[in-house]
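These values consider heavy atoms only, across backbone and side chains, with no hydrogens, waters or symmetry-generated copies.
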Amino acid sequence: MAKDLSIQTGGKDEGIVINDGWPGYSLDLFNYPTHYSGDLECVYIPHGVIMDRTERLARNIMDDLGGHDTVVLCVLKAGYQFCADLVERIKTLSRNSEHTLPMSVNFIRLKSYVNDQSTEDLHIIGAEDLSFLTGKNVLIVEAIVDTGKTMKTLLKHVEAFRPKNIKVAGLLVKRVTNSSGCLPDYVGFEIPNRFVVGYALDYNEYFRDLNHICVISESGKLKYKV
């Protein structure tokens, strides 16, 4: 591992911790859509690393929830790619083991960002009636958690439908000073407070088509600002 790669591993589900000094990888080392030329600073987490960590999370989830019917609640839009890959890896583990995890998948959408700023105005779309969660194990799959306020609001909403238990899988947890302390049970990566895009994470609906997680450049923010 490169000397300047400031990464340390946490516990079983605490995620891979990327330290503040990590500069990312040069864009020249990877393929990415040419229509984003000049819009990115670096590749922060390569696609292959995301896939390996997702497989590990799938195994951890199987260890905890295997054998129990579970409703996967995918948080759109940013969570769709992580959820699809996570579910696929759980399915693969179920096919190749006597320890299985019966699943159904449902979708809700959260919207709280304007440009690169999180707002207090949270919209929960598609979650008006979640009565099908009553008495069920629920696995919420989210792409990124920063302050945790959005997740806290969602958990309160889901709890109102009296599920048996709730677990949260988050691909990214962002280190911020105003964190509510509401963290996922399963974490892919803990990252510094940088605005990242790709792997379905967007900036005003752009950059979802990137395979890697990248840091957006200031010129990219300006180009796609609304």
Side-chain angles (χ1 to χ4, degrees), residues 13 15-16 44-47 49-58 60-62 64-65 70-91 101 103-114 116 118-119 122-128 130 132-133 136-159 161 163 166-174 176 179-180 182-191 194-214 216:
D13 296 309
I16 295 175
Y44 213 54
I45 309 175
H47 184 258
V49 177
I50 299 169
M51 293 298 94
D52 281 356
R53 181 59 185 153
T54 300
E55 183 172 352
R56 180 68 261 179
L57 291 182
N60 293 345
I61 291 167
M62 279 284 289
D64 292 343
L65 301 179
T70 298
V71 178
V72 177
L73 199 59
C74 175
V75 180
L76 299 174
K77 292 182 181 177
Y80 80 81
Q81 191 64 66
F82 174 49
C83 184
D85 289 333
L86 181 64
V87 167
E88 187 60 37
R89 275 148 185 78
I90 293 173
K91 286 163 56 179
L101 179 58
M103 293 179 296
S104 62
V105 182
N106 287 269
F107 304 89
I108 60 171
R109 182 180 174 190
L110 303 182
K111 184 172 177 58
S112 62
Y113 268 84
V114 175
D116 61 346
S118 179
T119 70
L122 174 67
H123 299 279
I124 305 178
I125 304 168
E128 293 81 7
L130 297 178
F132 59 87
L133 300 180
K136 301 288 183 62
N137 293 312
V138 178
L139 176 65
I140 298 174
V141 180
E142 173 68 289
I144 187 165
V145 176
D146 43 30
T147 65
K149 294 177 182 176
T150 297
M151 182 55 62
K152 196 171 184 178
T153 300
L154 176 59
L155 284 171
K156 185 176 180 180
H157 184 78
V158 171
E159 286 168 357
F161 294 93
I166 306 172
K167 296 286 188 181
V168 178
L171 177 62
L172 304 177
V173 169
K174 190 179 292 187
V176 293
S179 172
S180 69
C182 185
L183 299 174
D185 301 283
Y186 310 97
V187 178
F189 304 87
E190 181 189 300
I191 66 172
R194 304 189 71 181
F195 196 88
V196 293
V197 294
Y199 195 64
L201 292 161
D202 78 303
Y203 178 80
N204 293 329
E205 298 301 328
Y206 290 92
F207 301 101
R208 295 194 195 275
D209 51 339
L210 282 168
N211 282 338
H212 314 292
I213 292 176
C214 301
I216 187 174

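Just one residue in the list V145, I50, I213, D146 forms a side chain to side chain contact (heavy atoms under 4.5 Å, CB included) with L172, and that residue is I213.
Around the OH atom of Y206, the shell of radius 6.0 Å holds no more than 12 heavy atoms that belong to other residues, nucleotides or ligands.
For the pair I191/I45, a side-chain contact is recorded, criterion being any heavy-atom separation below 4.5 Å from C-beta on.
A salt bridge does not link K156 with E159: every distance from a Lys NZ or Arg NE/NH1/NH2 to an Asp or Glu carboxylate oxygen is 4.0 Å or more.
When all heavy atoms of Y199 and F82 are compared, the pair lying nearest together is OH-CA, 3.6 Å. Shortest non-hydrogen contact noted between I90 and A58 is CG1-CB, 3.8 Å. Between D185 and K167, the shortest heavy-atom contact is OD2-CA, 3.2 Å. Minimum interatomic distance between H47 and H212 (heavy atoms only, all atoms of both residues): N-ND1, 3.0 Å. Among all heavy-atom pairs drawn from P184 and V187, the shortest one is O-CG2, 3.9 Å. Residues Y186 and L65 approach most closely at OH-CG, 4.5 Å, considering heavy atoms.
Of the possible polar contacts, one joining the K174 side chain to the R194 backbone as a donor-acceptor pair under 3.5 Å is found. The main-chain N or O of D85 is found under 3.5 Å from a side-chain atom of R89 such that the two form a donor-acceptor pair.
Taken to the nearest 0.5 Å, the OG1 atom of T153 stands 9.5 Å off from the NZ atom of K149. Distance check, rounded to the nearest 0.5 Å: CG of L154 to CD1 of I166 gives 8.5 Å. Taken from CD1 in I108 to SG in C74, the straight-line distance is 8.5 Å, to the nearest 0.5 Å. Between the CD1 atom in I61 and the CG atom in L139 there is a gap of 5.0 Å [rounded to 0.5 Å]. To the nearest 0.5 Å, atom NE2 of residue H157 and atom CG of residue L133 are 9.0 Å apart. In this structure, CG on L57 lies 8.0 Å from CZ on F189, to the nearest 0.5 angstrom.
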* To do: For the pair D202 and K77, evaluate side-chain contact (heavy atoms from CB on, under 4.5 Å) and give the outcome as yes or no after the intermediate values.
  => CA-CA 9 Å; D202 78 303; K77 292 182 181 177; over 6 Å; no

* To do: Give the C-alpha distance, both sets of side-chain angles, the deciding distance and a yes or no for side-chain contact (heavy atoms from CB on, under 4.5 Å) between Q81 and R208.
  => CA-CA 9 Å; Q81 191 64 66; R208 295 194 195 275; over 6 Å; no

* To do: Starting from the C-alpha separation in whole Å, work towards a yes-or-no answer on side-chain contact (heavy atoms from CB on, under 4.5 Å) for K152 and L155.
  => CA-CA 5 Å; K152 196 171 184 178; L155 284 171; 5.8 Å; no

